Amino acid sequence: MRTTPQGRWLARLRGLAALGLACLAMAYVVRLGDDAPVAGAVGGAATTTAGSGGVGRASRMRLGWTSWADAEVVSLLVERLLERRLGLDVERVMADIGIQYEGVARGHLDLMLMAWLPETHRSYWNRVRTRVVDLGPIYTGRLGWVVPERIPAAQLGSIEDLRDPAVAARLGGRIQGIDPGSGLMQASERALEAYGLQGGLQLVPASGAAMTAVLERAMRSPDAWVVVTAWRPHWIFARHELRFLDDPRGVLGRRERIHAVARRGFDRDFPEVVDLLARFHLEQNELADLLLAARDSSPRLAVEAFLQAHPRRVAYWVNGQLEETTEAAQAGPDGPSSPSPPPR
């Protein structure tokens, strides 16, 4: 078929347009190479920006957390450190704990900071352990049944003492629980059976807020006895004198370690975060104080105050060095926190 001059002119225009689109596409691909999600980060968990020498450096990450007091405060604390001291863009994503484990395993989340191991989250951990990276513990915790310290230990010092009908009567036949289905409530159900308490005591499911309300009401009455299912770290231990009942059969578990868990490849994309978390550690008592401050003001205000009060600790977490600061010098020779590396 013959081509008319008009047809040849239109063909040239189409060719130039195609060439222009190809150039734009190539430029976009080059730019996307710097900002594209990292391999394996399903859902675009982390993104990278160009670093020195053209080497990609991860700059944006997704940090999972669950609506628990300690999880909210610790995740806020880490978010502030990563954004202000490492220059990262951190998105905190709230999700149920089971969804968090699976989100990290699939790469939807880069990091979570609340893996209670080895017992409390054993079932979650066993499902994802080959698909995630354990970055180690950042603080310790404990689950159990808690009573006011004022209750004589000779009368109620162990879970076994709850078999005494007189003790059960003083408690109104109730043990105040938290969310049904939680790891602590599941363990508490097992404890009722293991210690033969089903006939004399009822485990009352509710919520964490309801548990603290029942405890607060009992603490206002000097003669009231109460047993609640609780855990450390929690602000109730900073506000009240409490103790765990002995658990000679170990049904409720021993001391737990709360680990940071990351998606595979996280150590390559965020090596500076891995180093920071290797040094990051909070003691139970100071975390309880921080949680109480968060309850009395707000989590954000409490975190800001904590960071300002512990400049040397922050410097150690970030770069492994104990930087001298005006605040640290004013705090005296010991500083506002221990200058030695925290125990792991």
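Worth saying up front: this structure is predicted, and the values here are computed from it rather than measured.
- Within the structure, salt bridge (Lys or Arg N to Asp or Glu O under 4.0 Å) contacts touching residues 127-137 (residues at least two apart or in different chains) are Glu102-Arg131.
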Donor-acceptor list for residues 65-73 side chains, cut-off 3.5 Å, not counting sequence neighbours:
residue : atom : partner : partner atom : Å
Thr66   : OG1  : Ala95   : O            : 2.9
Thr66   : OG1  : Gln100  : NE2          : 2.4
Asp70   : OD2  : Tyr139  : OH           : 2.8

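- Leu307 and Leu76 fall within the same hydrophobic cluster, defined by Ile, Leu, Val, Met, Phe, Trp and Tyr side-chain heavy atoms under 4.5 Å apart, directly or through other members.
- Qualifying side-chain contact (heavy atoms from CB on, under 4.5 Å) partners for Pro222, counting only residues two or more places apart in sequence or in other chains: none.
- Here the shortest heavy-atom pairing between Pro137 and Arg257 reads CB-CB, 3.9 Å.
- The side-chain contact (heavy atoms from CB on, under 4.5 Å) check on Asp164 picks up Ala166, Val167, with sequence neighbours excluded.
- Ion pairing between Arg263 and Asp110 holds under the 4.0 Å rule for side-chain N and carboxylate O.
- For residues 216-235, every residue pair satisfying the salt bridge (Lys or Arg N to Asp or Glu O under 4.0 Å) rule, not counting sequence neighbours, is listed here: Glu216-Arg239.
- Scanning for side-chain contact (heavy atoms from CB on, under 4.5 Å) contacts around Arg142 gives Phe244, with sequence neighbours left out.
- A side-chain hydrogen bond (donor to acceptor under 3.5 Å, both in side chains) check over residues 112-121, counting only residues at least two apart or in different chains, returns the pairs Tyr101-His121, Glu119-Arg122, Thr120-Glu256.
- For Arg255, there are no salt bridge (Lys or Arg N to Asp or Glu O under 4.0 Å) partners two or more places apart in sequence or in a different chain.
- In the hydrophobic clustering of ILVMFWY residues, with side-chain heavy atoms under 4.5 Å counting as a link, Val251 and Leu197 come out together.
- Residue pairs meeting the salt bridge (Lys or Arg N to Asp or Glu O under 4.0 Å) criterion with at least one member in residues 201-214: none, sequence neighbours excluded.
- Looking only at distances, no side-chain donor or acceptor of His259 sits under 3.5 Å from a matching main-chain atom of Val261.
- In the hydrophobic clustering of ILVMFWY residues, with side-chain heavy atoms under 4.5 Å counting as a link, Val204 and Leu245 come out apart.
- Remark: Asp161 engages Leu156, Ser158 in a side-chain contact (heavy atoms from CB on, under 4.5 Å) (not counting sequence neighbours).
- His240 contributes no side-chain N or O that, together with a main-chain N or O of Ile236, makes up a donor-acceptor pair within less than 3.5 Å.
- Of the possible polar contacts, none joining the Arg163 side chain to the Gly200 backbone as a donor-acceptor pair under 3.5 Å is found.
- Residues Ala260 and Leu113 approach most closely at CB-CD2, 3.8 Å, considering heavy atoms.
- Residue pairs satisfying the side-chain hydrogen bond (donor to acceptor under 3.5 Å, both in side chains) criterion with at least one member in residues 188-209, sequence neighbours excluded, are listed as follows: Trp145-Ser188, Tyr195-Asp247.
- Annotation: salt bridge (Lys or Arg N to Asp or Glu O under 4.0 Å) contacts involving residues 165-186, sequence neighbours excluded, are absent.
- Nearest heavy atom pair, residue Leu292 against residue Ala238, reads CD2-CB, 3.8 Å.
- Of the possible donor and acceptor atoms, none in the side chain of Asp246 sits under 3.5 Å from a partner among the backbone N and O of Pro248.
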